[in-house]
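First the proteins, then the strands, lettered A, B, ... as listed; each starts at 1.
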Amino acid sequence: MDNLALKKIANEVRKGVVTAVYSAQAGHPGGSLSATDIDTFLFFEEMNVDPAKPDDPDRDRFVLSKGHTAPALYSVMAQKGYLPVEELKTFRHLGARLQGHPSMQYLPGLDMSSGSLGQGISAACGMALAAKIDKKDYRVYTLLGDGELEEGQVWEAAMFAGAKKLDNLVVIVDNNNLQIDGNIEDVNNPKPIDKKFEAFNFHVICIDGHDFDQIRAAFAEARNTKGMPTAIIAATTKGKGVSYMENNAGWHGKAPNDEQYATAMEDLDAIGAALEA
Amino acid sequence: MGDIKKVATRESYGHALEELGAVNSNIVVLDADLKESTRTCYFAKQFPERFYDCGIAEGNMMGIAAGLAAAGKIPFASTFAMFAAGRAYEQVRNSIGYPHLNVKIGATHAGITVGEDGASHQCNEDMALMRTIPGMVVLNPSDDIEARAAVKAAAEYVGPVYMRFGRYAVPVFNDPDMKFEIGKGSVVKEGKDVTIVATGICVASALDAAEALKGEGIDAEVINICTIKPIDEEILIASAQKTGKVVTAEEHSIIGGLGGAVAEVLSEKCPVKMCRIGIEDRFGESGTAGQLVEKYGLDGKGIAAKVRAFVKA
């Protein structure tokens, strides 16, 4: 799939994110929009997954360690065919499969329940270990927030992955520099992120998380890295694609009102039109 | 029970894992730098390719177990009860309980019989914590025979199980051919005047107490509850109806463990007078396991004294 096609899908994913959060009048748009391009590449290019066979034992796995950005995951899964796009409007509603944070008990295709920060990366390590034990080729991907790196468990898991040489594991950090209380450096500085993962025996690749050429190259490099896990530190823009949400920590966990929703969809329609031109 | 053979249930856990490893290649054992203490070292020696030391990082170990289970393995995550149920509570709840993953938690060194290490390592709250997690099975075996049977039953059961074992060697009194079933208690001694519902190491103590009380004309029934959750309501109600007086005995806080579970059942379905024996809302302390069991009234003598006072009150 070429970059233009990926960009078009990503733009549709972003519309789904905004629509889901607007419909729920709750949820986390900022970090969903920053992670959208990475999620899109994973599900449409990188991972060996098939919505018709969500339980295939040989499939690649994805664990959304930053579980609050479920809107992006649900939306990319909808684009891929795991669920109807229309179902995104049920996000966070009573009785919905699309729980506020991902629950594998509710929605086939989710490889892990997540939401409590720092825990997804551990489960991803367990899956990667299972592949090693079973001598299977599947790979495991986990997406973390940069604020999430403040959780000590992330580093327990990173130490384990490095120590056990889990080269079938890729940790992606959505480095949008913002968390609920503000700039990550002002709250409790997790930087330097690259040097930390290097110190934990990871192969580290730093990229622009919105540039599909760089995303593609990074995952290829990860695939070719043997004997150690890979960490991709993706520099991103929180709220990417929606003008008033970009780089604004206030949009970490807030839903747009009617007017803001209309503006957001206009912004994304304009991006979509430019991609068609 | 002076001359009877004594075995610590952590020892039973280690041997049961070793046996299971030989017949089920899906079993993976995890530990957190305590393999000699938890006795997972036996499995590690036999099956090094299925044993992983996660180091001193219990929260991560629970997540690793969750991931292994999600990928089809049957992980046994092993550490002290303090760290399994205490330190890693939220990981157990959110990464194992909420997705209802097939993880087995082997928690050794539970209760005050940890002994000399003192209160920091004496977890008297684990059954209360684990019991509140929806779908979590909680097992607290009473001796070597029951502990081995419990580990095997846990391996066959699909879903999360918390198993509690001790450091201290305790009498082996169960029938070697006992049938173990998750969720079923057993009447180990019939009686008519008072029911002693006991769990873990207190079952043997309760039998000692019943023997002592017999000489005083108090005919105590003793029920062994290994499965703290789901608890055997039927056996509790039937005995309460018969005796009208129920005492619980456990090496755990009297808040939220066996005493709490029994009170929840009986207060709603068969209200009777109750007395809870256990650790009375306090921390433990250093001492030998034997000294602590005596001081905290969890031996036959201590239980007999409480039951005597309760029956006569």
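Side-chain atoms of Met62(B) and Ser122(A), non-hydrogen and from C-beta on, never get closer than 4.5 Å to each other. Within the 4.5 Å cutoff, side-chain heavy atoms of Ile133(A) are placed close to those of Lys73(B). In this structure the side chain of Ser116(A) never reaches within 4.5 angstrom of the side chain of Gln91(B), judged on heavy atoms. The shortest side-chain heavy-atom distance between Ile56(B) and Glu156(A) does not fall under the 4.5 Å cut-off.
In this structure, the portions of Ala157(A) lying under 4.5 Å from any heavy atom of chain B include both its backbone and its side chain. With a threshold of 4.5 angstrom between heavy atoms, Asp134(A) approaches chain B through side-chain atoms but not through N, CA, C or O. Using a 4.5 Å cut-off between heavy atoms, Lys132(A) makes no contact with chain B at all.
Heavy atoms of other residues, nucleotides or ligands lying less than 6.0 angstrom from NZ of Lys53(A) number 12 at most. Residue Arg93(B) places its CZ atom among 12 or fewer non-hydrogen atoms of other residues, nucleotides or ligands, all under 6.0 Å distant. In this structure, Lys165(A) places its NZ atom where only 12 or fewer heavy-atom neighbours from other residues, nucleotides or ligands lie under 6.0 Å away.
Residues Asn60(B) and Gln153(A) approach most closely at CA-NE2, 3.9 Å, considering heavy atoms. Smallest separation of non-hydrogen atoms from Met127(A) and Ala70(B): CE-CB, 3.9 Å. Residues Ala71(B) and Arg61(A) come closest through the heavy atom pair CA-NH2, 4.2 Å. Nearest heavy atoms, Gln105(A) versus Tyr98(B): CG-O, 3.7 Å. The minimum heavy-atom distance linking Gln119(A) with Asn94(B) is given by the pair OE1-CB, 3.7 Å.
Expressed to the nearest 0.5 Å, how far SG of Cys54(B) lies from CE of Met159(A) amounts to 12.0 Å. From Lys164(A), atom NZ reaches atom CG of Asp53(B) across 6.0 Å, with rounding to the nearest 0.5 Å. Atom-to-atom distance recorded for Cys125(A):SG and Leu68(B):CG is 10.0 Å, nearest 0.5 angstrom. Remark: Ile64(B) CD1 to Ile121(A) CD1 distance equals 9.0 Å, nearest 0.5 Å.
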